[in-house]
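This report concerns only the one structure given below.
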Amino acid sequence: MTSKTVAELLSQEVTLQEVTIKGWVRTFRAKRFIALNDGSTINNIQCVVDFENFDEATLKRITTGAAIHVTGDLVESQGKGQSVEIVVKTLEILGDSDPETYPIQPKKHSFEFLRENAHLRTRTNTFSAVMRLRSSLSFAVHKYFNENGFNYMHTPIITGSDAEGAGEMFKVTNLDAKNPPLNEDGSVNYKEDFFGKETNLTVSGQLEAETYAMSLGKVYTFGPTFRAENSNTSRHLAEFWMIEPEVAFMDLAGNMDLAEDFMKSVLSYVLEHNKEDLEFLDKRLADEDKTKPQAERSAMGLVEKIKFVVDNNFKRVSYTEAIDILKSSKPNKKKKFNYIIEEWGADLQSEHERFLVEKHFKCPVILFDYPANIKAFYMRLNEDGKTVRAMDILFPGIGEMVGGSQREERLDVLKEKMKALDIDEEELWWYLDLRKYGSAVHSGFGLGFERLVMFATGMSNIRDVIPFPRTPQNAEF
Ligand code: 4AD
Ligand code: MG
């Protein structure tokens, strides 16, 4: 008799009479009903024990959190709330769980408390649902690219170039911090370091991905990314996962089409494959909403919100149009924004992005053609000489989900830009080579995976959608 999962048993495709199952006790009620969960689904299976057949000592060990192994008959349930249940014949305690000290009691815990117990928080319905969705979304990411002819590329995690400019970097070194080798001028001599040069953890795989786009055509990376920004917000992590497709011969319009199609596809995938988890999270969000003042409640439920994104076109708006909208907006005129938009060229803060998606357009927005001087050096300069073919995709409740662009493919223009920004040509010799040999239009974007998981689960803090979050002053586990 092989072990089945709770998901398999509840799917009722199982016609077995006698079943065996292992899992963790969620609750044990009236010395009779065990709610057992094994992580395969949000649902528990009810195991009915006839306490007269078991000794008191064993029954005492059936506590919340204990791991048990049950065999018994799968029968139609007598009670409400489940279709089938197991009438227990044998019960073995695999691992005890002391009810006095087990942190995950069968009651509501705050997310802050559960973050401190991140090693056990997936024993709760909310976090198991979130992490099953995270897993499902990552599978959908690979499925989408695989079905659309992309090659999966592994870009280096330790990088020797710090020119991307996407954020502050974490240094990688094995020099003795107390006594590093010094140059004559007193600076650290990295020639003696492990790689013979300064190295850092990557802030993006883009520049390396461009090299493969210009040979394999369509590629993507999906890996860990590190930024040492000291932004302690509910949307920033020091270690996060980024998805970065890069495609040869594709312009900015194609890039927008790809991003939109990709996001709709992975969200459709979870709508279809994670129904029960989504329904649970939908209800959780609705309950949480009820505790908020009317003005802060969301107009749509979770599933409704995801469907809305899948079924409607993203709004495409140029930076210039966005500035006009913002300039004449109420919060700008009434000086409600922290940063008042006064003129073209201003960098958009998250309060402005949120106004555009949540108040003005009420749907995902693709902003494009930003001023060159607020965007990265590698973005394709437009004919107007002052804007670049950049795009940011903004989502309601999340803010910036995607950042991307068409890349500057003209060697002379790129060199000029690097010179103006004081970026060392020698360091990026290989990047410039792409513009010397068979250069062509190409584009790509980066999507912050955790922000996508936030949107798909309705969780409002990014620390709650990654197993073990790394943030300033926090690297527990
Ligand atoms: O806009 P960013 O900085 O773009 C790049 O790194 C480009 N090289 C991408 C490319 O064109 N291939 O970052 C891309 C996305 C952001 O839109 C955001 O969703 C996410 O990465 N992101 C973060 N997510 C969590 N924590 C952080 N600290 C993040 N910083 C960026
Ligand atoms: Mg960005």
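The first residue of the sequence shown is numbered 1, and numbering continues consecutively from there. In listed order, ligands and their atoms are each counted from 1.
Those atoms of ligand 1 that come under 4.0 Å of a heavy atom in R407, given as number and element, are 10 (C), 11 (O), 12 (N). The atoms of ligand 1 that sit less than 4.0 Å from any heavy atom of G404 are 11 (O). Listed by number with element, the atoms of ligand 1 under 4.0 Å from a non-hydrogen atom of S204 are 6 (O), 8 (N).
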Without placing hydrogens or testing angles, list every side-chain donor-acceptor pair under 3.5 Å for residues 415-422, not counting sequence neighbours.
none

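For the pair R435 and Y431, the cation-pi test (distance below 6.0 Å, angle within 45°) is passed.
Comparing A390, G403, S405 against atom 4 (O) of ligand 1, the shortest heavy-atom distance belongs to G403. Distances from atom 5 (C) of ligand 1 to the heavy atoms of M401, R227, H236 put R227 nearest. For atom 17 (O) of ligand 1, the nearest non-hydrogen atom from the set M379, E400, M454, R235 comes from E400. Selection from L452, L237, V402 by nearest heavy atom to atom 26 (N) of ligand 1 gives L237.
Only protein atoms were considered; those of element N, O or S under 2.8 Å from the Mg ion (ligand 2) number 1.
At least one N or O atom of G448 sits closer than 3.5 Å to an N or O atom of ligand 1.
Aromatic ring pairs are classed by plane angle as parallel below 30°, tilted from 30° to 60° and perpendicular above 60°; the pair Y220 and F145 is parallel.
Between F127 and F111, the gap from one ring centroid to the other is short of 6.0 Å.
Under a 4.0 Å N-O distance rule, the pair R407/E409 does not qualify as a salt bridge.
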